[in-house]
2 protein chains.
Amino acid sequence: MPRAGLDRAAVVGAGAALADEVGLAGLTMGLLADRVGVRTPSLYKHVAGQDDLIRRIAALALEEAADAVGGAVQGRAGSDALAAAARTFRAFVVEHPGRYAATIGQEPSGPDDPLAAAGVRLLDAFTAVLRGYEIEDRDADHALRMLRSLCHGFATLEAAHGFQWSTDIDASFDWLVAFADRGLRAM
Amino acid sequence: MPRAGLDRAAVVGAGAALADEVGLAGLTMGLLADRVGVRTPSLYKHVAGQDDLIRRIAALALEEAADAVGGAVQGRAGSDALAAAARTFRAFVVEHPGRYAATIGQEPSGPDDPLAAAGVRLLDAFTAVLRGYEIEDRDADHALRMLRSLCHGFATLEAAHGFQWSTDIDASFDWLVAFADRGLRAM
DNA sequence: GCTTTTAGCTAACTTCATTAGCCGCACCTG
DNA sequence: CAGGTGCGGCTAATGAAGTTAGCTAAAAGC
């Protein structure tokens with residue numbers, strides 16, 4: 001039997017892709033094994049178990065999100081940067097609902113946990129956006145949490161099809177970003 | 001064998017309480033059966049299965065949240081109503097993380113689904129809050145979604161221990177409510 | 001070429017959700 | 001008050017999913 005040539009990154013990447021397709025709850029070790037062309041127990045040579053797999057998918061998702069948002073903010077400032085960051089984040093969550101769902105409820109185990117590092121990088125991208133507004137130091141953390149709650153809340157509700165009725169969702173998001181922008185500029 | 005005197009409401013209520021204690025992912029049919037003093041298969045006399053159970057827990061959670069927020073808004077208007085609604089909602093989610101988590105990702109099956117009715121009631125409570133501001137009709141849906149995203153995002157992040165560093169979480173929430181209030185009053 | 005490492009496999013175990021089928025308590029009627 | 005009936009509880013069994021143990025053979029290193 002020829003070896004499949006798997007490694008940890010390949011398993012985690014395939015797991016993330018599968019989670020996006022079938023939902024995080026539908027991500028099963030057997031399904032993932034099929035996908036990568038291997039029997040289920042072989043996966044345990046690369047990840048410690050399902051919890052470990054999901055944790056690594058979460059770290060991957062945070063890294064990708066941080067890269068995307070960080071890249072979108074490059075060369076922009078103020079309202080432009082805010083809009084780019086928010087739209088990029090929302091697009092990432094909606095296009096990758098499974099891997100983003102993996103990030104929810106993960107507690108970083110320690111300071112050198114890659115999960116924590118990736119989370120900090122993502123927050124840093126939003127912090128950079130806020131530097132384009134005149135915000136007092138004592139408000140900075142609050143403003144960051146506001147922005148995060150807004151983006152996280154909207155994107156997760158949208159990904160879960162939580163917006164029922166007919167008003168255009170893109171229009172709502174643009175409205176919401178403009179609302180935040182006006183509020184931040186008025187400080 | 002003496003009958004336990006269960007009914008559907010008792011099973012769903014105990015399931016919701018258990019979900020709050022051990023997390024939605026830890027809610028198992030066996031654990032719930034133990035809790036209500038019955039063997040696992042007996043639960044199936046009251047709910048169709050785990051999916052049905054979680055769906056009913058979600059409906060219960062939305063009803064309770066709608067009652068709580070609706071009650072908090074009674075007799076208040078404007079900024080007062082907004083603060084009361086937001087704080088009540090956040091408190092509900094943080095105190096009942098398991099049952100609120102059950103609501104995420106539930107698609108109402110039809111127009112007479114009690115889940116949909118409860119969801120509408122909760123949204124109505126927030127709609128009532130927005131009536132205290134001078135918002136044009138074409139902005140109403142967007143403002144409602146903004147409020148919902150903000151409250152949902154903050155509360156779920158807090159319930160998942162998503163706010164890492166030390167700044168006071170209560171202070172952040174008050175700040176965030178005041179931010180939304182200023183923005184809505186400035187429209 | 002020989003040894004060592006290690007990715008993959010089969011077989012087996014455990015936990016859970018779920019179904020089938022039985023049994024007796026509680027009510028309800030005559 | 002006796003008999004019937006329905007419903008809530010039970011035991012036993014099935015199937016899916018995660019996980020572990022132990023074997024084998026392919027790759028990598030000497």
Side-chain angles (χ1 to χ4, degrees), chain A residues 1-60 98-99 101-107 109, chain B residues 1-60 98-99 101-107 109:
Chain A
M1 53 204 68
R3 292 223 183 170
L6 280 185
D7 63 0
R8 179 171 292 172
V11 169
V12 173
L18 192 52
D20 289 338
E21 287 173 38
V22 303
L24 185 64
L27 174 61
T28 186
M29 298 300 274
L31 205 55
L32 176 55
D34 276 356
R35 176 68 66 101
V36 298
V38 110
R39 300 307 184 105
T40 306
S42 304
L43 294 177
Y44 291 77
K45 298 290 182 179
H46 304 289
V47 293
Q50 201 174 34
D51 289 350
D52 182 52
L53 170 68
I54 290 176
R55 202 175 174 72
R56 290 178 193 279
I57 291 175
L60 173 66
R99 69 187 73 188
T103 67
I104 298 171
Q106 295 287 349
E107 310 254 7
S109 60
Chain B
M1 52 200 70
R3 294 227 180 165
L6 280 185
D7 63 0
R8 180 171 291 171
V11 169
V12 173
L18 192 51
D20 289 339
E21 287 173 38
V22 302
L24 186 63
L27 175 61
T28 186
M29 298 300 274
L31 205 55
L32 176 55
D34 275 356
R35 177 66 66 99
V36 299
V38 110
R39 298 307 183 104
T40 306
S42 304
L43 295 177
Y44 290 77
K45 299 289 183 177
H46 303 289
V47 293
Q50 201 174 34
D51 289 350
D52 182 53
L53 170 67
I54 291 177
R55 201 175 176 72
R56 290 178 192 279
I57 291 174
L60 173 65
R99 69 188 74 188
T103 68
I104 298 171
Q106 295 287 350
E107 310 255 6
S109 60

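Just so it is clear: chains get the letters A, B, ... in the order the sequence lines come, proteins before strands, and each one is counted from 1.
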Using distance only, find each side-chain donor-acceptor pair of residues 25-33 of chain A under 3.5 Å and give its atom names and separation, not counting sequence neighbours.
none

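- Applying the salt bridge (charged side-chain N to carboxylate O under 4.0 Å, His left out) test to every pair with at least one member in residues 4-23 of chain A, sequence neighbours left out, gives these pairs: A:Asp20-A:Arg99, A:Glu21-A:Arg35.
- Annotation: side-chain hydrogen bond (donor to acceptor under 3.5 Å, both in side chains) contacts involving residues 38-59 of chain B, sequence neighbours excluded, comprise B:Asp52-B:Arg56, B:Arg55-B:Gln106, B:Arg55-B:Asp113.
- The stretch residues 27-53 of chain A touches DNA chain C through A:Val38, A:Arg39, A:Pro41, A:Ser42, A:Lys45, A:His46, each having a heavy atom under 4.0 angstrom from the strand.
- Of the residues in residues 7-18 of chain B, none lies under 4.0 Å from DNA chain D by heavy-atom distance.
- A:Ala102 pairs by the side chain to side chain contact (heavy atoms under 4.5 Å, CB included) definition with A:Leu24, A:Ile54, A:Ile57, A:Ala58, not counting sequence neighbours.
- The CD1 atom of B:Ile104 lies 7.0 Å from the CD1 atom of A:Ile104; values are rounded to the nearest 0.5 Å.
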